[in-house]
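Okay, so here's the structure we're looking at.
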Amino acid sequence: MSDTRFINQRMVGSSVIPDEAIPLVEGDGRFLNDIKLPGMYHVAFLRSQHAHARLRSIDAGAARSLPGVIKVLTGHELLGKVDPFRSMPNRFSGGESIQHWLAVEKVRFCGEAICAVVAEDRATAEDAVELIEVDYDPLPVVTDPRLGERDDAPLIHDACINNYLIKREYERGNVDEAFRNADLVVKRKFRIGRKQALCLESRGCVAGYRENTFTLTVWISHQLPYVVRHYLAKHLRMPETDVRVIVPHTGGGFGQKASIYPEEFVCAYLALQLRRPVKWVEDRLENMVASTHARDQYLEVQLAADKDGRILAISSDVWVDVGAYSTYLWSAGMEPLQTAGLMPGPYRIGAMRYRTRGVATNKTPVGPYRAVGRPSASASLELLIDEMARKLELDPLQVRLKNLIPHEAMPYRNANNLVHDNVNYVPCLELAVAKADYERLRAEQGRDSGNGKLRGIGLACYAELTGLGTSTAVGPGTLLQPGRDAVTLRLETTGVLTIAAALPSQGQRIMTAMRQVACDELGIRLEDITSISNDTATAPYGFGTFASRTAVFGSGATIKAARELRQRLLAMAAFLLQVPVEQLTIANSVVQTIDRSKSISLRDMAEKSYFSAKDIPQELNQGFEVTAFYDPKFGSFAAGAHIAVVDVDPSTGQVEILRYVAAEDVGTVINPAVVEGQIIGGIVQGIGEALLEELVYDEQGQPRTVTLADYLVPSALEIPRIELHHANTPSGALGGFKGCGEGSIIGALGSLACAISDALSRKGGDIHEFPATPERVLKGLGVLPADA
Amino acid sequence: MQQMFLENFALQCGYCTPGMLITAIELLRDNPNPTEQEVREAISGNLCRCSGYQAIVDAILAASKELA
């Protein structure tokens with residue numbers, strides 16, 4: 001069924017229809033919950049009703065005697081048998097948090113797991129959960145990071161003074177002097193609410209005992225199979241080689257499935273202890289409180305400018321409500337360090353200072369989610385730039401063009417110490433402006449539409465560091481420096497090429513991309529290439545899919561392996577055909593001489609190599625299987641410029657998006673249609689972030705948004721047609737690729753924030769809190785009273 | 001409809017796809033030539049978290065032409 005929508009000479013750059021999508025469209029997707037093993041038990045968790053409380057006692061007697069219940073596991077039983085999650089070391093750590101898989105002594109957020117019930121079926125397990133009596137002793141709660149850092153605030157972890165899980169101060173360049181000498185200083189506050197990835201498929205796992213040769217096999221809805229294997233082995237105190245991790249079809253990840261959580265580890269423990277397979281699938285209610293949240297930030301930002309609108313310096317204060325624990329693996333530093341550290345984005349900024357903290361609160365932990373930290377960094381700076389332009393009576397477009405890092409300045413080291421190279425900031429903005437017909441948009445804005453609505457136009461430009469290699473840590477201060485990712489290419493005896501990698505796709509069509517790359521490098525027909533992935537028993541080592549890295553790493557490793565395999569193929573063909581290597585090429589799965597007088601198919605060669613090895617000198621028959629690791633060392637900046645046009649109804653506070661134009665630089669594009677899907681999908685999650693999505697807690701730390709009736713995500717009706725354009729330039733990585741999975745969400749918050757602020761400014765209003773719900777818009781217009 | 005979803009890259013993770021497919025088929029049964037707005041309204045009860053809906057809308061519009 002393999003086909004191409006557009007035929008190119010090369011497969012890289014063609015919108016190849018992905019074979020890997022066929023089972024999903026034909027109803028044969030096999031997601032986690034489709035897995036059933038003989039004799040499988042089911043697990044349900046008892047979760048804390050309190051945001052912060054001591055556990056006086058747990059009485060599971062009635063639950064244990066319910067027919068069909070196999071076991072009730074408490075945190076005490078796990079003590080000394082498994083290792084809890086201690087916050088990952090980070091150079092900027094405040095204090096350590098220790099997260100037991102099941103709460104011991106204390107609960108720190110609503111939804112924290114306290115007991116696991118194993119039963120013959122899920123319904124019985126849930127009934128038994130209801131029968132467990134927990135005696136709580138409630139403690140004072142922390143629900144605001146700005147209060148939580150005060151000396152008199154209740155402590156969530158004894159070791160975290162002022163509840164700091166992360167704290168960093170940074171300064172570069174002469175910030176004080178820049179602010180002193182500035183013609184204009186602009187200050188703003190910025191608030192982004194708490195949200196979550198809301199994968200349509202929630203988390204879940206099946207843990208099996210002695211499946212095949214492995215003591216423990218875990219099927220898990222996750223982005224990082226090898227990382228899960230490493231930590232399972234470590235925390236269960238068993239050899240890594242006894243553990244197999246398999247990722248089935250996965251219904252969304254977006255970073256939420258890149259962390260290590262307690263529930264799956266509890267299931268693994270139970271399978272080993274009971275010697276039976278167990279399954280747990282998170283229901284939506286659990287998913288709203290037990291899977292990591294994101295954002296939840298308060299910012300105070302300042303910008304110093306000269307009278308021509310040149311940015312001289314920025315300064316920011318950032319408070320992130322990171323929730324009750326340092327998210328395992330990534331630490332609590334993700335949002336606080338990236339928001340503050342990446343604020344300069346694509347703009348030339350000579351001096352910057354920030355103070356940032358990740359403050360523990362009694363809420364669900366904050367973990368990685370699409371474009372960690374960057375949307376609020378970008379949006380708060382873009383709003384500052386707009387305010388500067390208004391005060392200096394300059395056009396927001398001209399001010400941006402003046403401050404973007406131009407080609408001639410590259411490679412350019414910005415105040416945050418990151419080097420920008422091979423990236424099209426100015427061309428992206430110019431393209432978006434031309435396609436949107438910006439001049440006309442401004443002219444139309446000046447005319448009264450007569451419908452009483454306020455028209456706003458927002459521009460946002462962003463820089464997105466993708467494909468991070470070993471020279472750039474995934475987050476500042478973290479010890480995690482992924483860069484050992486492998487791809488194995490194996491020419492099977494029938495002449496089919498298998499690509500194996502542990503780089504799961506949650507819809508990014510990674511394997512299709514690697515097939516396209518291999519096709520070009522090796523001259524093998526696309527239909528002769530298959531792939532295996534997501535299984536630690538069959539795929540070579542890799543970190544997995546996160547941080548817009550997978551296409552860069554997977555393709556780079558594929559290119560390296562393909563070049564070695566090509567050498568081996570040509571060397572053997574030269575012997576078999578008795579011609580010099582230089583005269584040979586590979587095309588359409590056949591090795592032939594340039595004059596086409598002699599040829600041999602890869603299929604024949606693979607067969608001969610395997611079945612007729614005695615006829616071929618050993619040094620020429622090393623086997624057609626090559627594993628290559630690729631480390632791009634440095635990350636590559638991708639870029640985008642987005643223009644949003646909105647109408648705000650001043651009587652209802654409703655925001656309608658009239659147009660959305662985006663121009664992106666995502667490097668050399670492997671599969672344009674797939675890339676466009678990634679970018680548009682990111683923009684739409686960003687629209688949700690800007691207008692709709694917010695997890696609300698009350699003062700007692702009780703979550704108020706635990707269903708999809710309360711937590712609003714965009715439907716097809718709120719979303720305009722996204723107009724997408726490309727201004728790509730190759731990166732310095734092998735193949736010229738950049739990541740494209742996350743960046744576009746950054747521009748959506750920035751462009752919409754600026755558009756809404758622009759609209760409100762026409763009536764003397766402004767907005768500082770997002771998502772821009774009707775209530776906040778009306779407050780911004782002074783129709784509703786502002787918060788105290 | 002399945003072919004149009006595939007050719008228009010209307011699925012990423014694929015989790016919402018079965019629901020989108022049956023909703024789309026039902027729509028075209030009632031209204032063989034829907035406008036873009038009608039397609040958006042018809043699928044507005046189905047969430048997709050990956051695609052931003054655009055490719056799904058395009059696939060359904062393409063199917064309406066193909067099946068006409």
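Proteins get letters first, then strands, A, B, ... in listed order; numbering begins at 1 in each. Since the model is a prediction, treat every value here as computed from it, not as a measurement.
- In the displayed structure, Glu36(B) atom CD is contacted under 6.0 Å by more than 12 heavy atoms of other residues, nucleotides or ligands.
- No part of Gln508(A) comes within reach of chain B, as not one of its non-hydrogen atoms sits under 4.5 angstrom from that chain.
- With hydrogens and angles ignored, the 3.5 Å screen pairs no side-chain donor or acceptor of Gln506(A) with any backbone N or O of Cys13(B).
- In terms of the side chain to side chain contact (heavy atoms under 4.5 Å, CB included) criterion, residue partners of Ser202(A) (sequence neighbours excluded) are, by chain and number, Val281(A), Glu282(A), Asn287(A).
- For the pair Leu11(B) and Ala21(A), the tightest heavy-atom approach, listed with the atom from each and the gap, is CD1-O, 3.9 Å.
- Expressed to the nearest 0.5 Å, how far CD of Gln2(B) lies from CD1 of Ile22(A) amounts to 11.0 Å.
- Contact count against chain B (heavy-atom pairs under 4.5 Å) is highest for Gly681(A) among Gly27(A), Gly682(A), Pro23(A), Gly681(A).
- Of the possible polar contacts, one joining the Gln54(B) side chain to the Ile722(A) backbone as a donor-acceptor pair under 3.5 Å is found.
- Counting heavy atoms from C-beta outward, Leu6(B) and Glu26(A) have side chains that stay 4.5 Å or more apart.
- When each of Leu200(A), Val684(A), Leu708(A), Ile680(A) is checked for heavy-atom pairs under 4.5 Å with chain B, Leu200(A) comes out on top.
- Judged by distance alone, with hydrogens and angles left aside, the side-chain atoms of Arg40(B) form no donor-acceptor pair with the main-chain N or O of Ser715(A) at under 3.5 Å.
- A heavy-atom distance below 4.5 Å is not found between the side chains of Gln3(B) and Val25(A).
- Considering all non-hydrogen atoms of both residues, Phe9(B) and Ile17(A) come closest at CZ-CA, 3.9 Å.
- Here Asn33(A) contributes atom CG and Tyr15(B) contributes atom OH; the two are 6.5 Å apart, rounded to the nearest 0.5 Å.
- With a 4.5 angstrom heavy-atom cutoff, Leu47(B) touches chain A via backbone and side-chain atoms both.
- For the residue pair Arg49(B) and Pro714(A), the shortest heavy atom distance occurs at NH1-CD, 3.9 Å.
- Per-residue heavy-atom pair counts under 4.5 Å with chain B were compared for Pro720(A), Gly252(A), Ala197(A), Cys199(A), and the maximum is reached by Ala197(A).
- Contacts of Thr17(B) with chain A are made by side-chain atoms alone, with heavy-atom separations under 4.5 Å and no backbone atom involved.
- At a heavy-atom cut-off of under 4.5 Å, chain A is reached by Val57(B), Asp58(B) from residues 55-65 of chain B, listed in order of number.
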